[in-house]
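A quick note: this is a predicted structure, and the numbers were derived from the prediction, not measured. To find a chain, count down the sequence lines: A is the first, B the second, and so on, and within it residues start at 1.
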Number of protein chains: 2
Amino acid sequence: MLNSGLTPAKSLSIEVAERICAERGARFTPLRRTALEVLLEFNGPVSAYDFLPALAQRLGRRLAPPTAYRALGFLLEQGFICRIETRNAFTLATHLEDRNAGVFFLCDHCGATVEVDADGITELLAGRAAALGFEVGRRIVELQGICADCRYTTAAVEGQSQVVRGRRA
Amino acid sequence: MLNSGLTPAKSLSIEVAERICAERGARFTPLRRTALEVLLEFNGPVSAYDFLPALAQRLGRRLAPPTAYRALGFLLEQGFICRIETRNAFTLATHLEDRNAGVFFLCDHCGATVEVDADGITELLAGRAAALGFEVGRRIVELQGICADCRYTTAAVEGQSQVVRGRRA
DNA sequence: TTTATTATGTGATAACATAACAAAATCCTA
DNA sequence: TAGGATTTTGTTATGTTATCACATAATAAA
Ligand SMILES: [Zn+2]
Ligand SMILES: [Zn+2]
Ligand SMILES: [Zn+2]
Ligand SMILES: [Zn+2]
């Protein structure tokens, strides 16, 4: 399983998020806290529209899309989660220290997603940017392909990770 | 202007596309040919829904979204165009030889987009993939930020490139 | 020619995301 | 602590992106 053993180095928790927000003067409201709780429970990427009912259920009330997107937006701003562009999905960040530092490996077959540190790549891209006079904000690096499990296994194994709706191959 | 002077090394044309398709046994139908013509005329990235009426007009008939997406899908398969994930847009590929080899620099301010060769980055990512046993298919590398022009100019300069609808800062 | 395959037309719908404005909560300062 | 400014959340509606499903047409293969 591509995800196994690769839990975040500095694991994000509600407590950690609370401390970080306090340090930054960011308001970790009940909605935002609950949103992070929901994401912590998802074992992998989740689409905004799968996240929405999960958040609503946990809060015990109906929610409309903007509320979900705002909560996700806050968590993105704080660097607690990352957006996977090629899946329209959101997942816990594995790197609280350096935002946009990750490289995503995304299995087209089983949907497994793993984020690894972008050492070296960051520097290389910074060099290219400098040559162009380009000031880099957000970096997106996503690699689609077939994960080790799917390469070495005859049949697709299910349940390897939460898979975004409709994206399972 | 970030784009200036950076026309594709091996410039794509209808003739080149025709030859490539013939070599591959791919059917370069009138619709697909016209789709490529339309994209050649766009000076930069275009959304599917901006592309759709342009294609329809050139064909002189109404088209529905699936037709546009199918044509774009074909051009993507052949490596004639690239999809810019963070803009939901399509643009001519600058690298006919090596698919998914590019790195996109995307200006958040003026919308300029430039694709450069991914030398070094490709190898670095391949190394990471190998370490994970991951077989890489498509690579996405997109850097968002501020282009040289926008950094060194007081006011935003317009008309630097075709900008995807609603994405101009 | 017959049959299979591939490509396109068409209407509907799914999936993803934000605009706009109102109401509530929080913060700030006098 | 009151009052006003700011931020957050609620709510309705709508905008944007992408695909399904099935019919028809064009092409390729037998
Ligand atoms: Zn990340
Ligand atoms: Zn897999
Ligand atoms: Zn490209
Ligand atoms: Zn710019």
Whole angstrom value for the distance that separates [atom2] of [N] from [atom1] of [X]:
X	N	atom1	atom2	answer
Leu31(B)	dA25(D)	CG	P	17 Å
Glu77(A)	dT8(D)	CD	C1'	12 Å
Glu85(B)	dC16(C)	CD	P	14 Å
Arg87(A)	dT19(D)	CZ	P	13 Å
Phe74(B)	dA7(C)	CZ	P	8 Å
Ile84(B)	dT17(D)	CD1	C1'	16 Å

Exercise. Are the charged groups of Arg87(B) and Glu142(B) less than 4.0 angstrom apart, N to O?
Worked result: no
Problem set entry | Salt-bridge present (Arg19(B), Glu23(B); N to O < 4.0 Å) | yes
Exercise. Considering residues, nucleotides and ligands other than Arg62(B), do more than 12 of their heavy atoms fall under 6.0 Å from its CZ?
Worked result: no
Any side-chain heavy-atom pair from [X] and [Y] closer than 4.5 angstrom?
X	Y	result
Leu39(B)	Leu72(B)	yes
Arg83(B)	Asn88(B)	yes
Phe51(A)	Pro45(A)	no
Leu96(B)	Phe80(B)	yes

Exercise. Distance check: side-chain N/O of Arg32(A) vs OP1/OP2 of dT9(D), anything under 4.0 Å?
Worked result: yes
For this session: Determine: side-chain N/O of Asn88(B) to OP1/OP2 of dA18(D), distance under 4.0 Å, yes or no.
Result: yes
How close do [X] and [Y] get, counting heavy atoms only, and between which atoms?
X	Y	value
Ala101(A)	Ala118(A)	O-CB, 2.6 Å
Asp117(B)	Arg128(A)	O-NH1, 2.6 Å
Ile81(B)	Leu76(B)	O-CD2, 3.5 Å

Exercise. With hydrophobic residues grouped by side-chain heavy-atom distances under 4.5 Å, do Ile140(A) and Leu125(A) end up in a single group?
Worked result: no
Exercise. Using a heavy-atom distance cut-off of less than 4.0 Å, which residues of residues 66-73 of chain A contact DNA chain C?
Worked result: Pro66(A), Tyr69(A), Arg70(A)
For this session: Could you check which residues of residues 15-30 of chain A get a heavy atom under 4.0 Å from DNA chain C? Sort them by number, please.
Result: Arg27(A)
For this session: Could you name each residue pair satisfying salt bridge (charged side-chain N to carboxylate O under 4.0 Å, His left out) that touches residues 24-34 of chain B, not counting sequence neighbours?
Result: Glu18(B)-Arg33(B)
Exercise. For DNA chain D, whose closest nucleotide is more 5', that of Leu63(A) or that of Ala48(B)?
Worked result: Leu63(A)
Problem set entry | Under-3.5 Å donor-acceptor pair between Tyr49(A) side chain and dA14(C) base | no
For this session: Ignoring hydrogens and angles, state whether a donor on the side chain of Glu115(A) or Thr94(A) is under 3.5 Å from an acceptor on the partner side chain.
Result: yes
For this session: Just jot down the side chain to side chain contact (heavy atoms under 4.5 Å, CB included) partners of Arg151(B), sequence neighbours excluded, or say none.
Result: Glu135(A), Ile146(B)
Exercise. Heavy atom of residues 51-62 of chain B under 4.0 Å from DNA chain D: which residues?
Worked result: none
For this session: Compare the minimum distances between each of dA18(D), dA17(C), dT10(C) and the side chain of Ala64(B), then state the nucleotide with the smallest one.
Result: dT10(C)
For this session: To the nearest 10°, let me know how far the axis at one end of the helix from dT1(C)-dA30(D) to dA30(C)-dT1(D) is tilted from the axis at the other, five pairs an end.
Result: 40°
